[in-house]
**Student:** 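One structure coming up, written as structure tokens, with questions to follow.
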Amino acid sequence: MLNQVPRRYRFKFVDIPKPGVGGKSWRRIVHFKDKYTVEPLEVTNLAGRDPVTGRVVAIGIGGGIKHKYHWINWIRDGPKDLNEPPKEEKVLEVFKDGCRTAFVALIGTNRELKYILATENMKPGDVLRTHMGIPRNYVRPREGDAYPLGALPVGTIVHCVEKYPGVGGFLIHAAGTSGTVLKRSGDRVIVQMPSKKQFSLHESCMASVGRLSNVTHDSTPVGSAQKNRELGNRPRSGLWHRKDGRHGRKIKPPPPVKVIDTKAASKFEKCQLSLNCFPY
């Protein structure tokens with residue numbers, strides 16, 4: 001198989017494991033270590049190529065600028081006993097990570113350091129609280145705190161929601177997005193995603209409070225072709241054009257509102273039918 005690999009990629013991508021867990025990512029490979037660390041991890045950019053054969057398998061992906069990857073600790077753990085106070089962690093730094101859209105925050109307590117996704121108004125010096133118990137009354141959370149869904153009042157803005165208890169933040173990671181706690185039904189909590197889809201999750205699933213940072217990411221234009229290449233996007237050929245002008249989609253005004261008058265129904269005479277009306 002090695003002889004089938006083009007020479008210029010033979011020693012660059014061979015023996016590199018395929019990316020993704022349960023799927024494939026043709027943009028980059030992150031070289032994770034055996035144990036969690038806050039040290040930035042090395043990244044291998046794939047540029048849309050298969051890591052073994054070197055063949056292009058995903059068009060439109062370029063090399064891009066090499067960034068260090070900051071390992072996010074998705075599990076927010078704390079005490080479960082309601083008599084214990086919540087675990088407190090201090091925000092040390094908030095910065096931009098080139099491998100994701102939302103900002104990253106470095107938090108620490110005692111001798112433990114970890115990365116989490118930063119919220120909209122998070123800044124260095126903030127104290128974040130985490131508790132895994134579900135009290136009888138709802139808590140009054142602040143931005144950045146982490147509590148089970150069963151402890152949060154209805155209408156709370158959340159992100160990094162667990163899909164199953166104990167697996168870590170699984171839902172809502174993109175910049176500027178957030179979910180909403182809609183209602184409770186027994187031991188289930190209904191959470192609305194940014195796509196307006198509603199999920200029924202167990203009340204013990206952890207969730208972080210607040211809207212994710214970098215809110216203007218979606219509305220900020222790229223600005224130049226060079227910037228687009230730095231982001232890892234290759235240009236199109238230029239031969240493809242969406243239908244525009246007189247060939248494109250026509251935006252027609254909606255039809256006028258139809259007024260249904262109840263007085264118009266009184267013009268018809270009532271007709272009473274009986275068996276005598278039908279000759280046999």
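In this text, all values refer to a predicted model and were calculated from it rather than measured experimentally.
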**Student:** So does Glu42 have more than 12 non-hydrogen atoms from other groups sitting under 6.0 Å from CD?
**Tutor:** no

**Student:** I'd like to know if Glu39 and Lys33 make a salt bridge, using a cut-off of under 4.0 Å between side-chain N and carboxylate O.
**Tutor:** yes

**Student:** Would you say Leu149 and Cys205 make side-chain contact, with heavy atoms under 4.5 Å?
**Tutor:** yes

**Student:** Is Tyr36 atom OH crowded by more than 12 heavy atoms from other residues, nucleotides or ligands, each under 6.0 Å away?
**Tutor:**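 Buried by this count: over 12 neighbours within 6.0 Å.
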
**Student:** Is there a side-chain contact between Met193 and Val191, using heavy atoms and a 4.5 Å cut-off?
**Tutor:** yes

**Student:** Do the charged groups of Lys87 and Asp77 touch, with an N to O distance under 4.0 Å?
**Tutor:** yes

**Student:** Which pair of non-hydrogen atoms, one from Ala174 and one from Leu212, has the smallest distance, and what is that distance?
**Tutor:**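 Here Ala174 and Leu212 meet closest at O-CD1, 3.0 Å.
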
**Student:** Please say yes or no: joined through hydrophobic side-chain contacts below 4.5 Å, possibly via intermediate residues, are Val43 and Val38 part of one cluster?
**Tutor:**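 As far as the 4.5 Å side-chain criterion goes, Val38 and Val43 are connected within one cluster.
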
**Student:** Side chains of Cys160 and Phe170, heavy atoms from C-beta outward: is any pair under 4.5 Å?
**Tutor:**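 No, side chains not in contact.
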
**Student:** Is there a side-chain contact between Ile116 and Arg76 (heavy atoms, below 4.5 Å)?
**Tutor:**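 Result yes, sub-4.5 Å side-chain heavy-atom pair found.
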
**Student:** So Glu143 and Thr119, side-chain hydrogen bond (donor to acceptor under 3.5 Å, both in side chains) or not? Walk me through it.
**Tutor:** CA-CA 7 Å; Glu143 186 175 320; Thr119 57; 2.8 Å; yes

**Student:** Is it the case that one hydrophobic cluster holds both Val161 and Tyr147, taking links as side-chain heavy atoms less than 4.5 Å apart, direct or via other members?
**Tutor:** yes

**Student:** Counting distance only, does the side-chain N/O of Asn45 pair as donor-acceptor with the main-chain N or O of Gly63 below 3.5 Å?
**Tutor:**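 Such a contact is found between Asn45 side chain and Gly63 backbone.
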
**Student:** Give a yes or no on whether the backbone of Arg234 and the side-chain of Arg229 come within a donor-acceptor separation of less than 3.5 Å.
**Tutor:** no

**Student:** Could you tell me which residues satisfy ring-ring contact (aromatic ring centres under 6.0 Å, His included) with Tyr69, sequence neighbours excluded, listed by chain and number?
**Tutor:** Phe32

**Student:** Under a single-linkage definition using a 4.5 Å side-chain heavy-atom cutoff for Ile, Leu, Val, Met, Phe, Trp and Tyr, are Val52 and Val56 assigned to the same hydrophobic cluster?
**Tutor:**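 No, separate clusters.
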
**Student:** Quick one, Leu92 and Ile107 - any side-chain contact, counting heavy atoms below 4.5 Å?
**Tutor:**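 Side-chain contact under 4.5 Å: no.
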
**Student:** Should Leu113 and Trp71 be regarded as members of a common hydrophobic cluster, given that ILVMFWY residues are connected when their side-chain heavy atoms come within less than 4.5 Å of each other, either directly or indirectly?
**Tutor:** yes

**Student:** Transitively linked via ILVMFWY side-chain contacts under 4.5 Å: Val139 with Val158?
**Tutor:**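 In one cluster: yes.
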
**Student:** NE2/His131 to CG/Asp145 distance, rounded to the nearest 0.5 angstrom?
**Tutor:** 12.0 Å

**Student:** For the side chain of Asp50 and the backbone of Thr53, is there at least one donor-acceptor N/O pair under 3.5 Å apart?
**Tutor:** yes

**Student:** Are Glu162 and Leu201 close enough, and set up right, to give a side chain to side chain contact (heavy atoms under 4.5 Å, CB included), and what steps lead you there?
**Tutor:** CA-CA 8 Å; Glu162 289 184 342; Leu201 306 172; over 6 Å; no

**Student:** Can you name the closest pair of heavy atoms from Ala151 and Pro135 and give their distance?
**Tutor:**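 That would be CB-CD, 3.7 Å.
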
**Student:** For the residue pair His159 and Leu171, establish whether any side-chain heavy-atom pair is separated by less than 4.5 Å.
**Tutor:**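 The answer is no; the side chains never approach within 4.5 Å.
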
**Student:** Which atoms form the tightest heavy-atom contact between Thr37 and Leu41, and what is the distance?
**Tutor:** CG2-CD2, 4.2 Å

**Student:** Just how far is it from atom OG1 of Thr177 to atom CD1 of Ile172, taken to the nearest 0.5 Å?
**Tutor:** 6.5 Å

**Student:** Find out whether Pro141 and Leu152 are in side-chain contact, i.e. whether some heavy atom of one side chain is under 4.5 Å from a heavy atom of the other.
**Tutor:** yes

**Student:** Enter the distance from Ser213:OG to Lys123:NZ here, rounded to the nearest 0.5 Å.
**Tutor:**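 Reported to 0.5 Å precision, the distance equals 14.0 Å.
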
**Student:** Taking atom CD of Glu120 and atom CZ of Phe103, what is their separation to the nearest 0.5 Å?
**Tutor:** 11.0 Å

**Student:** If we ignore hydrogens and angles and just use 3.5 Å, is the side chain of Arg27 paired with the main-chain N or O of Gly232 as donor and acceptor?
**Tutor:** yes

**Student:** Who passes side chain to side chain contact (heavy atoms under 4.5 Å, CB included) against Ile190, sequence neighbours left out?
**Tutor:**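 For Ile190 the side chain to side chain contact (heavy atoms under 4.5 Å, CB included) partners, ignoring immediate neighbours, are Leu182, Lys183, Gln198, Ser200.
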
**Student:** Using every non-hydrogen atom in the two residues, find where Ile157 and Arg211 come nearest and quote the distance to one decimal.
**Tutor:**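 Residues Ile157 and Arg211, closest heavy atoms: CG2-N, 4.1 Å.
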
**Student:** Start with the C-alpha distance between Leu117 and His173, add both sets of side-chain angles, then the distance that settles side chain to side chain contact (heavy atoms under 4.5 Å, CB included), and finish with yes or no.
**Tutor:** CA-CA 8 Å; Leu117 297 185; His173 296 163; 4.2 Å; yes

**Student:** Distance from Asn110 atom CG to Lys90 atom NZ, nearest 0.5 Å?
**Tutor:** 13.0 Å

**Student:** Check Arg188 with Glu203, please: is the shortest side-chain N to carboxylate O separation under 4.0 Å?
**Tutor:** no

**Student:** Just wondering, do Pro153 and Val181 contact through their side chains at under 4.5 Å, heavy atoms?
**Tutor:** no

**Student:** Might you point out which heavy atoms bring Pro51 and Ile29 nearest each other, and give the distance in Å?
**Tutor:** CB-CD1, 4.0 Å

**Student:** If we count only N and O atoms by modelled type, under 3.5 Å, do the side chains of His31 and Thr44 hold a donor and an acceptor together?
**Tutor:** yes

**Student:** Minimum heavy-atom separation for Val91 to Ala105, with atom names?
**Tutor:**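 For Val91 versus Ala105, the nearest heavy atoms are CG1-CB, 4.4 Å.
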
**Student:** List the steps and the verdict of side chain to side chain contact (heavy atoms under 4.5 Å, CB included) for Arg55 and Arg49.
**Tutor:** CA-CA 5 Å; Arg55 296 175 180 269; Arg49 297 182 178 273; 5.8 Å; no

**Student:** Using the six-membered ring wherever Trp is involved, compare the ring planes of Phe95 and Tyr115 and label them parallel, tilted or perpendicular (cut-offs 30° and 60°).
**Tutor:** perpendicular

**Student:** Determine whether the side chains of Gln192 and Thr180 contain a donor N or O and an acceptor N or O closer than 3.5 Å.
**Tutor:** no

**Student:** Could you go through the side chain to side chain contact (heavy atoms under 4.5 Å, CB included) check for Asn214 and Lys96 one step at a time?
**Tutor:** CA-CA 9 Å; Asn214 200 7; Lys96 177 75 172 75; 4.2 Å; yes

**Student:** With rounding to the nearest 0.5 angstrom, report the CG to CG distance, Leu231 to Asn228.
**Tutor:**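 So the gap between those two atoms works out to 6.0 Å.
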
